[in-house]
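Okay, so here's the structure we're looking at.
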Number of protein chains: 2
Amino acid sequence: MTKADGDGSPAKRPIVGGLSNVLFDAWLVSRSVHQLIDTAIEESGLDADEFAIYSVLASGEGMTPSDLSHWMAAAPTTVSSYVKRFERRGHITRIPNPEDGRSYRLQLTATGRAAHRHAGELFTPILAHTEDALGARAEKTHAQLLTLLHAVDAVRDEHA
Amino acid sequence: MTKADGDGSPAKRPIVGGLSNVLFDAWLVSRSVHQLIDTAIEESGLDADEFAIYSVLASGEGMTPSDLSHWMAAAPTTVSSYVKRFERRGHITRIPNPEDGRSYRLQLTATGRAAHRHAGELFTPILAHTEDALGARAEKTHAQLLTLLHAVDAVRDEHA
DNA sequence: GATATTTAATACGATATCGTACTACATACC
DNA sequence: GGTATGTAGTACGATATCGTATTAAATATC
């Protein structure tokens, strides 16, 4: 991870003419966010993607692999390998799905919740910093992101 | 549950209580955007990341691998393998860097530019759809994204 | 000007992601 | 109720990503 650049202008981004558009910049933001979170929570043993998954699992009654696959727009096979990995860590268990014998629901174990909490403690300050950096615009920015999320999902469904 | 549960549509996102924050949702948007672009430009032979890279290379005088690494927040080794891959495709060439003998600049070849143009033709309509879906908010959303990008970069630099 | 330190890029190995092909259960249709 | 079709999840193989260690050029120190 390349660190300090020295001269105080680490991120040189040539924001060129027709290059900047809403999808492109969403991509760019995500790269930056991903790296930020990755480094911030590194010592927890989770990476940014995993932290997001643990978060959504922690927040509800548990999801099926398919739900997870849709939710995070990942290939089903990718989710399968997540499940294996998380199980190997003792962080999740499979709850049988009474409504569908092919499927099951994913739930965090106590250990899994502890790992999530630890990552969360590392995550919180950088979120606060980001919100500080956004200042008064923080809420609006967040709202616009959700708007964008729905717009992109709509287009995605349309093209599915 | 949560949002639109109605039809058998792909994206059911449980927007749960404290789970939604600006970084988290940036991550979520990116997953969606990534998949949208991937499928849209698939037939061009480029994926979303590659399209972004080709775009930035096409837009300027060419960048060094380090620049690219900073710009897209990717590991230097990842950039190295990009270079190999793109060279294998005949899509880029290395221009020696007169200022630094260890380095070089990446430039698209004519074939590379053609590939980029093809991907661009597939990309344009989905961008238009997204902007339509955003309607009047399109510009504001884009502006907020750039604000967020700068905020995140600032935090990232701080923590570097 | 010689040596020490830093920086740019990469080779290599470990692991992650995902496409293809498959199995097993569920639902539709007759 | 029996067959046909669809859907949930996965094994496996191909390739991508990235961490660690290395090489070579640039910059700093003396």
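Letters A, B, ... are given to chains in the order of the sequence lines, protein chains preceding strands, and every chain is numbered from 1.
B:Tyr54 and B:Phe86 have their aromatic ring centers within a separation under 6.0 angstrom.
At C:dT10, one or more side-chain N or O atoms of B:Arg94 fall inside 4.0 Å of OP1 or OP2 (strictly under the cut-off).
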*Could you walk me through whether B:Glu99 and B:Arg105 pass the salt bridge (Lys or Arg N to Asp or Glu O under 4.0 Å) check?*
CA-CA 11 Å; B:Glu99 288 162 7; B:Arg105 283 192 310 161; over 6 Å; no

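Computed from coordinates, the B:Arg31 CZ to C:dT17 P distance equals 8 Å when rounded to whole Å. Rounding to whole angstrom units, NE2 of residue B:His34 and P of C:dA16 are separated by 18 Å. Atom CD1 of B:Ile53 and atom P of D:dT17 are 8 Å apart (whole Å). Straight-line distance from the CZ atom of B:Arg85 to the P atom of D:dC18: 11 Å, rounded to whole Å. Atom CZ of A:Phe86 and atom P of C:dT15 are 16 Å apart (whole Å). Summarising the geometry, the separation between CG on B:Asp49 and P on D:dC18 is reported as 9 Å, rounded to the nearest angstrom. Taking atom CE of residue A:Met72 and atom P of nucleotide C:dT17, one finds them 8 Å apart after rounding to whole Å. Taking atom CG of A:Asp47 as the reference point, atom P of D:dA16 lies 20 Å away to the nearest angstrom.
Ranked by how close their nearest DNA chain D nucleotide is to the 5' end, A:Val83 and B:Pro98 are led by A:Val83. Two residues, A:Ser80 and A:Arg102, neighbour DNA chain D, and the one matched to the more 5' nucleotide by heavy-atom proximity is A:Arg102. Nearer the 5' end of DNA chain C, as judged by each residue's closest nucleotide, is the contact made by A:Thr78, out of A:Glu99 and A:Thr78.
One side chain, B:Arg156 or A:Gln35, offers a donor N or O that lies under 3.5 Å from an acceptor on the other.
With C:dA9, C:dA26, C:dT17 as the candidates, the nucleotide lying closest to the side chain of A:Asp100 is C:dA26. Of the candidates C:dT17, C:dT10, D:dA16, the closest approach to any side-chain atom of A:Tyr82 belongs to C:dT17. Which of C:dT10, C:dC18, C:dA26 sits closest to the side chain of A:Thr77 comes down to C:dC18. Distances were taken from every side-chain heavy atom of B:Lys84 (C-beta onward) to each of C:dC18, C:dA11, C:dA8; the shortest belongs to C:dA11.
Using a 4.0 Å heavy-atom distance criterion, B:Ser103 is classed as a sugar-phosphate-only contact. Counting non-hydrogen atoms under 4.0 angstrom, A:Ser66 reaches the backbone sugars and phosphates but no base. Among the heavy atoms of the strands lying under 4.0 Å from B:Pro65 are primed sugar atoms or P, OP1, OP2 only; no base atom is included.
The two residues B:Leu145 and A:Ala26 come nearest to each other via the heavy atoms CD1-N, 3.7 Å. When all heavy atoms of B:Gln107 and B:Gly62 are compared, the closest pair comes out as CG-CA, 4.2 Å.
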